[in-house]
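Just follow the structure's listing: the first ligand is 1, and inside any ligand the first atom is 1.
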Amino acid sequence: MTATNQDPITAVEIVLPGRVDPDGLKVTHRDLPAPRPGQVVVRVEATGVSFAEQQMRRGKYYDQPPFPFVPGYDLVGIVTRVGAGVDGGLLGRRVAALTKVGGWSSHIVLDAADLIAVPDGLDPAAAETFVVNGITAWQMLHRIAKVRRGQTILVHGANGGVGSTLVQLARAAGIRVVGTASTRHAAAVEALGATWVDYRGNVAEQVGTLAPNGLDAVFDHIGGPGIVDSFRLLAPGGTLVSYGTASTKNQEGNSRLPVLKLLARLFWWNTLPNKRNAHFYNLWAGKRNIGRFRRQIAEDLGAVFGLAASGVVCAQVAARIPLTEAGRAMELAESGTVAGKVVLVP
Ligand SMILES: NC(=O)c1ccc[n+]([C@@H]2O[C@H](COP(=O)([O-])OP(=O)(O)OC[C@H]3O[C@@H](n4cnc5c(N)ncnc54)[C@H](OP(=O)(O)O)[C@@H]3O)[C@@H](O)[C@H]2O)c1
C-alpha cells in the first residue's frame, strides 16, 4: 500500500536521556506532526556522528538543550512531504541540512529554507560527511583565515571529520598542510596530502622544523595549554583559528567555562602588538541575520559539494552503522581508532 500525504509517519529517534555512556542512548518512536507552512518532511538517509555529540552526552556542549533530547548535528535525506507554500518540485529531491540536534532520526520536519540541494550522483553517506565538516572547514579556511595558494597551515586532528575535510580543501586550493594525528593515522593523513606530525610528541618542535619561518594559519579545536604553541607557531601576519576545546571534554564543572577562558585569552592576544591574529570560529555566530546565514551556508556547502561531485575532495566515511545502533557508533567515534566520519544510516 502506498502512503498518502495524510498518513501519519512514525519516526524512529535516538534519545539522549541524560549524562550517559554510549550504551545509555534510547531508541524511541514518535508520531511526526504534519509539516506546517514553509516546512517539509525529510526521510533521513544518513546522519553524522560528530564530536559535538561526545560532548553533549557528557553535558559539556556549550549550548545544548536540556535532557532528554534527540542529538544529531547534520543529515542528508529525501523530501517526502511539503507543507503549504513550499515548492512541490522539492518532493523526491535529495537534500542536506544542518540541525545541531534532532538529526538522529528516521524522519524529521525541517524548514524548507534550511535545505541545501545535494548534487546528483553523490552517495548520501558521502555527502553527509561534508555537511557540518565541510561548512566548518570551508568557512575557517576561506572566510576567516583567508589562506592563499602557496601558504602553509597546521591542522590539528587531521584524521578527524573536520580535520580531514580541512586538509583536502586546503590541498585543493594549493596550500601546504602540516597535520597532527596519532601514529596510527599517519598514513591516512599523508594520503590526504598533508605532512603528518605526531600529536603525542613535541608538536612545536616538529612543526618548527617543517616550517621554520612560521605558519600562515593554525586550526586548533583542542584548546587547553597547547593553544599557546598554536599561537606561537604563527608567522607575522598569521592567523590562529580556534574552534573548540576538545582537551577539556572530561573536565568536571561548568561546560561554558573552558570556552569563556579561551575567548578571554584570544581577546588578550589580539590586544598585544604581536602582528598575529586570533579568532574563535563559531558556525552559528551569524544566525541573528538568518537570511545571510542561510545564504552563506548554501554557498559554502554548495562549493564543497561541487568539489566532492567532481572528485577533487573525497569523502572519508569511517563506518556506516544502522541508526538503531547509535550507541555502538558513538563508541566507535570515541575510540580514537577512526579516520573520517562515522555515519548513521536509518
Ligand atoms: N566552533 C564550531 O563552530 C565547530 C563546528 C564544528 C566542529 N567543531 C569542533 O571541531 C572539532 C572536531 O570535530 P569532529 O566532529 O571533526 O571530531 P572527530 O571526527 O571526533 O575528530 C576529532 C579529532 O580530534 C582529535 N583529538 C581529540 N581529542 C584530542 C586531544 N585531547 N588532543 C589532540 N587531538 C585530539 C582526534 O584524534 P584521535 O582520533 O586520535 O582521537 C580526532 O583527530 C570538535 O572539537 C568540535 O567541537 C567546532
Distance, nearest 0.5 Å, that separates CG of Leu90 from OG1 of Thr80:
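Here the interatomic distance stands at 11.5 Å.
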Mind checking the OG-CG spacing from Ser106 to Leu323? Nearest 0.5 Å is all I need.
7.0 Å
What I want to know is whether [X] and ligand 1 share at least one N or O pair that is separated by under 3.5 angstrom.
X: Asn159; answer: yes
X: Phe51; answer: yes
X: Tyr281; answer: yes

Can you list the atoms of ligand 1 that are under 4.0 Å from a heavy atom of [X]?
X: Ser50; result: 15 (O)
X: Gln54; result: 20 (O)
X: Gly157; result: 43 (O)

Heavy-atom nearest neighbour in the protein, as seen from [atom], with distance rounded to 0.1 Å:
atom: atom 31 (N) of ligand 1; value: Ser247 CA, 4.0 Å
atom: atom 21 (O) of ligand 1; value: Gly160 CA, 3.4 Å
atom: atom 24 (O) of ligand 1; value: His221 NE2, 2.7 Å
atom: atom 3 (O) of ligand 1; value: Leu283 N, 2.8 Å
atom: atom 6 (C) of ligand 1; value: Thr136 OG1, 3.4 Å
atom: atom 7 (C) of ligand 1; value: Val162 CG2, 3.9 Å
atom: atom 30 (C) of ligand 1; value: Ile222 CG2, 4.1 Å
atom: atom 38 (P) of ligand 1; value: Tyr199 OH, 3.5 Å

Which option out of [options] puts a heavy atom nearest to [atom]?
atom: atom 4 (C) of ligand 1; options: Tyr243, Tyr62, Trp284; value: Tyr243
atom: atom 29 (C) of ligand 1; options: Ala246, Ser242, Gly340; value: Ala246
atom: atom 41 (O) of ligand 1; options: Ala318, Gly336, Gly161; value: Gly336

Under a 4.0 Å heavy-atom limit, does His156 contact ligand 1 with its side chain, its backbone, both, or neither?
neither
Just to be sure I read this right, does ligand 1 sit under 4.0 Å from the backbone of Gln55, its side chain, both, or neither, counting only heavy atoms?
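The part of Gln55 near ligand 1 is the side chain, not the backbone.
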Are any side-chain N or O atoms of [X] and backbone N or O atoms of [Y], one a donor and one an acceptor, separated by less than 3.5 Å?
X: Gln55; Y: Lys60; value: no
X: Arg200; Y: Asp198; value: no
X: Arg57; Y: Arg19; value: no
X: Gln206; Y: Asn202; value: yes
X: Arg94; Y: Gly77; value: no

Counterpart residues, side-chain contact (heavy atoms from CB on, under 4.5 Å), relative to Pro119 (two or more places apart):
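So Pro119 forms a side-chain contact (heavy atoms from CB on, under 4.5 Å) with Leu122, Phe305, Ala309.
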Please work out which of the three classes, parallel, tilted or perpendicular, describes the rings of Tyr61 and Tyr73, given edges at 30° and 60°.
perpendicular
Tabulate below the donor-acceptor pairs under 3.5 Å that side-chain atoms of residues 339-346 make, not counting sequence neighbours, or state none.
from: Lys341; atom 1: NZ; to: Ser50; atom 2: OG; distance (Å): 3.1

Any cation-pi pair here, Arg256 with Tyr62, using under 6.0 Å and within 45°?
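The answer is yes, since Arg256 meets both limits relative to Tyr62.
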Salt bridge (Lys or Arg N to Asp or Glu O under 4.0 Å) evaluation trace for Glu53 with Arg58:
CA-CA 9 Å; Glu53 286 93 31; Arg58 293 171 169 84; over 6 Å; no
Yes or no: does Ser182 have any heavy atom under 4.0 Å from an atom of ligand 1?
yes
